[in-house]
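A short write-up of the structure that comes next.
Counting convention: from 1, in listed order, for ligands and their atoms alike. Any value given below was found using the heavy atoms of this structure, including those in side chains, with hydrogens, waters and symmetry copies removed.
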Amino acid sequence: MHVNGKVALVTGGAQGIGRAFVQALLGKGAKVALLDRNSEAGQESKAALDEQFEAQRTVFIQCDVTDQEQLKGAFKKVIEHFGRLDIVVNNAGVNNEKDWESTIQINLLAANMENYGVRLNTICPGFVNTPILQSIDKEENMGQYYSYKDEIKNMMQFYGVMDPSIIAEGLITIIEDDTLNGEVMKITASQGIHFQEYSQTPFTSSKR
Ligand SMILES: NC(=O)C1=CN([C@@H]2O[C@H](COP(=O)(O)OP(=O)(O)OC[C@H]3O[C@@H](n4cnc5c(N)ncnc54)[C@H](O)[C@@H]3O)[C@@H](O)[C@H]2O)C=CC1
Ligand SMILES: CC/C=C\C[C@H](O)/C=C/C=C\C=C\C=C\C(=O)[C@@H](O)C/C=C\CCC(=O)O
């Protein structure tokens, strides 16, 4: 699918990886709805992007993705505003080991989108240089894993921390290659963009 002229919705688009996604999509000619629960960061991001791209190509919608009503309303607004919706990027995420139920609810929201006739792919990055990494130093985020914070920092040094732009490059690859569906794209500092490979099994479903 060509990105040019398409409409994308990016959750958690106000900062970090989501912001890089929004920027890359705009750079490829898309119109983008930037959803985030953080209104201040969302508005700041939109203002900064408007300096680089035509303002009417980006809309910021405040939305907490765990609130089904807000989320449905946001999807509706995007279609009303831009007239269509072609690409959904489920990026919003938190690191909160003390409230893992809400972490799952936020981070894995897309899991039930497969019945909408869309291609569904996932991106699994190693460490990426975004504000979320500051949470490693906070007991309120790390909970029982707080004592591993120095170990995690050592891992970050060992494996490297990537720039969000490479994750955005992976997203554009997924959108542009229509053959990709059900794929797990891994992005690491040492191997760059690559795919998880699964061994073939002999059974073929009659439903494929
Ligand atoms: N930074 C990293 O090293 C890695 C990040 N990830 C994942 O990538 C995604 C993006 O992470 P980062 O950009 O690093 O984080 P970040 O903390 O910099 O940005 C996350 C954005 O999501 C928004 N958000 C959080 N909860 C929300 C909610 N309920 N509703 C709407 N917006 C919400 C935040 O306001 C923020 O703007 C997350 O799902 C994270 O788990 C995955 C692997 C590595
Ligand atoms: C602990 C970080 C907290 C929050 C950040 C965010 O929510 C989640 C990050 C999630 C995982 C990051 C994992 C990164 C792991 C690694 O980079 C290592 O396990 C190495 C994995 C692959 C590297 C292989 C290679 O470079 O050859």
Is the closest heavy-atom distance from Thr11 to ligand 1 below 4.0 Å?
-> no
Min over Leu71, Asp36, Leu34 of heavy-atom distance to atom 34 (C) of ligand 1 lands on Asp36
Looking at Phe75, does the NZ or CZ of Lys72 lie under 6.0 angstrom from its six-membered ring centre and within 45 degrees of the ring axis?
-> no
Do any N or O atoms from the side chain of Asp86 and from the backbone of Val7 form a donor-acceptor pair under 3.5 angstrom?
-> yes
Option of least heavy-atom distance to atom 31 (C) of ligand 1 (set: Gly93, Cys63, Gly13, Ser102) = Cys63
Heteroatom distance test (Leu133, ligand 1): nitrogen or oxygen, under 3.5 angstrom = no
Nitrogen or oxygen of Asn38 less than 3.5 angstrom from that of ligand 1 | no
Please determine if Val128 has a nitrogen or oxygen closer than 3.5 Å to a nitrogen or oxygen of ligand 1.
-> yes
Looking only at heavy atoms, the pair that brings Thr66 and Gln105 closest together is O-NE2, 3.4 Å
Here the atoms of ligand 1 under 4.0 Å from any heavy atom belonging to Gly16 are 13 (O), 18 (O)
Per-atom contacts of ligand 1 with Pro131, taking only distances under 4.0 Å to non-hydrogen atoms | 18 (O)
Any sub-3.5 Å donor-acceptor pair from Asn141's side-chain atoms to Asn95's backbone N or O?
-> yes
Please output the side-chain donor-acceptor pairs of residues 22-31 that fall under 3.5 Å, not counting sequence neighbours, one pair per line with the distance.
from, atom 1, to, atom 2, distance (Å)
Gln23, NE2, Gln52, OE1, 2.9
Lys28, NZ, Glu176, OE2, 3.3

Close N or O approach (Val65, ligand 1; < 3.5 Å) | yes
Kindly write out the residues that satisfy side chain to side chain contact (heavy atoms under 4.5 Å, CB included) with Glu140, not counting sequence neighbours, or none if the list is empty.
-> Lys138
Any N or O of Thr66 that comes nearer than 3.5 Å to an N or O of ligand 1?
-> no
Inspect the contact between Arg119 and Glu183 and indicate whether a charged nitrogen and a carboxylate oxygen are less than 4.0 angstrom apart.
-> no
Go through ligand 1 atom by atom and flag the ones less than 4.0 Å from a non-hydrogen atom of Asp64.
-> 28 (C), 29 (N), 30 (N)
Using a 4.0 Å heavy-atom cut-off, say whether Ile106 meets ligand 1 through its side chain, its backbone, both or neither.
-> side chain
Pull out every atom of ligand 1 sitting under 4.0 Å from any heavy atom of Val94, numbered as shown with elements.
-> 25 (C), 26 (N)
Check: of Gly12, Gly18, Ala92, min heavy-atom distance to atom 21 (C) of ligand 1 comes from Gly12
